[in-house]
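Per chain, numbering begins at 1; letters A, B, ... match sequence-line order. Just so we're clear, the structure is a prediction, and the values are computed from it rather than from any experiment.
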There are 2 protein chains.
Amino acid sequence: MSATTVHIVDDDEAVRDAIQFLLRNNGIATRLWPNAEDFLSYWHPDMHSSILLDARMTGMTGPECFTLLRERGCQSPVIFLTGHGDVPMAVEVLRQGAMHFLEKPFDRETLLRTVREALEQEAHRIEQLQAQALLNHCLASLSPRELEVMEKILDGKQNKVIADELLITVRTVEVHRASVFEKMGVRSAVELARRTAGQK
Amino acid sequence: MSATTVHIVDDDEAVRDAIQFLLRNNGIATRLWPNAEDFLSYWHPDMHSSILLDARMTGMTGPECFTLLRERGCQSPVIFLTGHGDVPMAVEVLRQGAMHFLEKPFDRETLLRTVREALEQEAHRIEQLQAQALLNHCLASLSPRELEVMEKILDGKQNKVIADELLITVRTVEVHRASVFEKMGVRSAVELARRTAGQK
DNA sequence: TCAACCATTGTGGGAACCCACAGTTTTGAT
DNA sequence: ATCAAAACTGTGGGTTCCCACAATGGTTGA
């Protein structure tokens, strides 16, 4: 279970509390922020979070905050909440990848459903990230030469060919190959190809 | 070059003509439709198209048309055009995957840019489809047994293991393996894994 | 300076892979 | 009934892979 917190960023205390109440009653951890600036200064890239963002706040607006988050590499789901609907704003943030754009007063069920969707998406993203991190960890443990050999293995080349290209003997390639399999935790070239699929 | 046509679906003839004029002047092929029903009856799944859809039309509305298209498997980019902005509608269609939601009167440059983006996306989609079709063609040419062997190869299993699992001799597996490589146009198991990456 | 790691190579043998040549059996369609 | 494709098997020989055992030389940080 990833401890994903839902961050509620809204300058209206009544709204924050109401949403927190709703989510807590459904077993969802929350954290409240009265403005975008405070939340932004707290936010860091490897947080697990879903974000509820009020569109119009004193100080930085929701869309501005969203843009900054994306620029800083935030991939967490963001749900906008707004009092006065504004089509261009909704279009803009949704096209930039916001998960939803809800108009107040919003239906409790709709908000809850959307937040749950966000939590699922975030959990999925975290899984991907962890898999990626594990892979990177393995890749980082390879020596330069091993990496070189691995790439050629992934081209489907035989040891003999690799040896020719690297101007070394087949025996040496075999040694590197074995190290690569060992370090990457696979036992065949096919597994290696699958594990690194979609990679560089 | 894929012969992608931009379909303009709008009940206002003046709007249709204006957009057609704009796009034609920029070398983009168009086809005009006065209502969603006519376009829908023309549309078929393997069309290459980008779609400009008026939100409010006599008869079927844009969003209704869009929903039907998606239900029928249409993956082409859809751009909405609308006179009177309606936040829930914009949110709904964008969340369903519409490319954009433009309010009239729209800026020529914006429309043109969006259409070009749509054409690019569609071209990319067509490429993917064609690659997929080629792959499916290869897969379809495999006999049931060959397919079975291929799956086990993709699990990284050795001929010997495959033979045991299928209750046949290694020799037979070798034959099937060779056929698979031949038919799939690859020369190693790694290439096979890469070609079918992200597949079933 | 010494341990640790990297890159390299050799030998030798067992296992796996690839393939040409040759053949049987089953199955489905005309 | 007949023909074609699919599935299956064998033999033999060459190639490639894998690995234990053994070793050399270079770099680097403690």
5' to 3' contact window, DNA chain C with chain B (heavy-atom distance under 4.0 Å): C:dA16 to C:dC21
Taking atom types as modelled, is there a side-chain donor on B:Glu122 or B:Ser50 under 3.5 Å from an acceptor on the other? no
Under the criterion salt bridge (charged side-chain N to carboxylate O under 4.0 Å, His left out), I'd like the reasoning laid out for B:Lys104 against B:Asp12: C-alpha separation, chi angles, the key distance, then a yes or no. CA-CA 12 Å; B:Lys104 303 174 190 172; B:Asp12 183 337; 5.7 Å; no
Show, in sequence, the C-alpha distance, side-chain angles and deciding distance for A:Leu32 and A:Asp17, and conclude whether the side-chain contact (heavy atoms from CB on, under 4.5 Å) test is met. CA-CA 8 Å; A:Leu32 309 185; A:Asp17 291 345; 3.7 Å; yes
The criterion is salt bridge (Lys or Arg N to Asp or Glu O under 4.0 Å); which residues satisfy it with A:Glu120, sequence neighbours excluded? none
Earliest and latest nucleotide of DNA chain D, 5' to 3', sitting under 4.0 Å from a non-hydrogen atom of chain A? D:dT16 to D:dC21
Can A:Gln96 and A:Glu92 be counted as having a side-chain donor-acceptor contact under 3.5 angstrom? yes
Of the residues in residues 168-180 of chain B, which ones touch DNA chain D at a heavy-atom distance under 4.0 Å? B:Ile168, B:Thr169, B:Arg171, B:Thr172, B:Val175, B:His176
Please tell me whether B:Val87 and B:Leu53 are part of a single hydrophobic cluster in this structure, the criterion being side-chain heavy atoms less than 4.5 Å apart. yes
According to ring pair (Phe, Tyr, Trp, His ring centres under 6.0 Å), does anything in residues 66-100 of chain B pair up with another residue at least two apart or in another chain? List the pairs. B:Phe66-B:Phe80
Residues within residues 183-193 of chain B bordering DNA chain D, heavy-atom distance below 4.0 Å: none
Whichever of A:Leu142 and B:Phe181 has its nearest DNA chain C nucleotide further upstream toward 5': A:Leu142
Common cluster, B:Val161/B:Val170, ILVMFWY with side-chain heavy-atom separation under 4.5 Å: no
Do B:Val93 and B:Ile79 sit in one hydrophobic cluster, given that two such residues count as connected whenever their side-chain heavy atoms are within less than 4.5 Å of each other, even indirectly? no
Start with the C-alpha distance between B:Glu191 and B:Arg194, add both sets of side-chain angles, then the distance that settles salt bridge (charged side-chain N to carboxylate O under 4.0 Å, His left out), and finish with yes or no. CA-CA 5 Å; B:Glu191 273 183 66; B:Arg194 287 182 112 51; over 6 Å; no
For B:Ser143 and for A:Asn159, find the nucleotide of DNA chain D with the closest heavy atom, then tell me which residue's nucleotide is more 5'. B:Ser143
side-chain contact (heavy atoms from CB on, under 4.5 Å), that's the test. Do B:Leu112 and B:Ile28 meet it? Break it down for me. CA-CA 10 Å; B:Leu112 194 53; B:Ile28 298 168; 4.2 Å; yes
Please step through side-chain contact (heavy atoms from CB on, under 4.5 Å) for the pair B:Arg56 and B:Met89, ending with a clear verdict. CA-CA 11 Å; B:Arg56 287 169 208 269; B:Met89 181 192 285; 4.2 Å; yes
Give a yes or no on whether B:Arg187 atom CZ has more than 12 heavy-atom contacts from other residues, nucleotides or ligands under 6.0 Å away. no
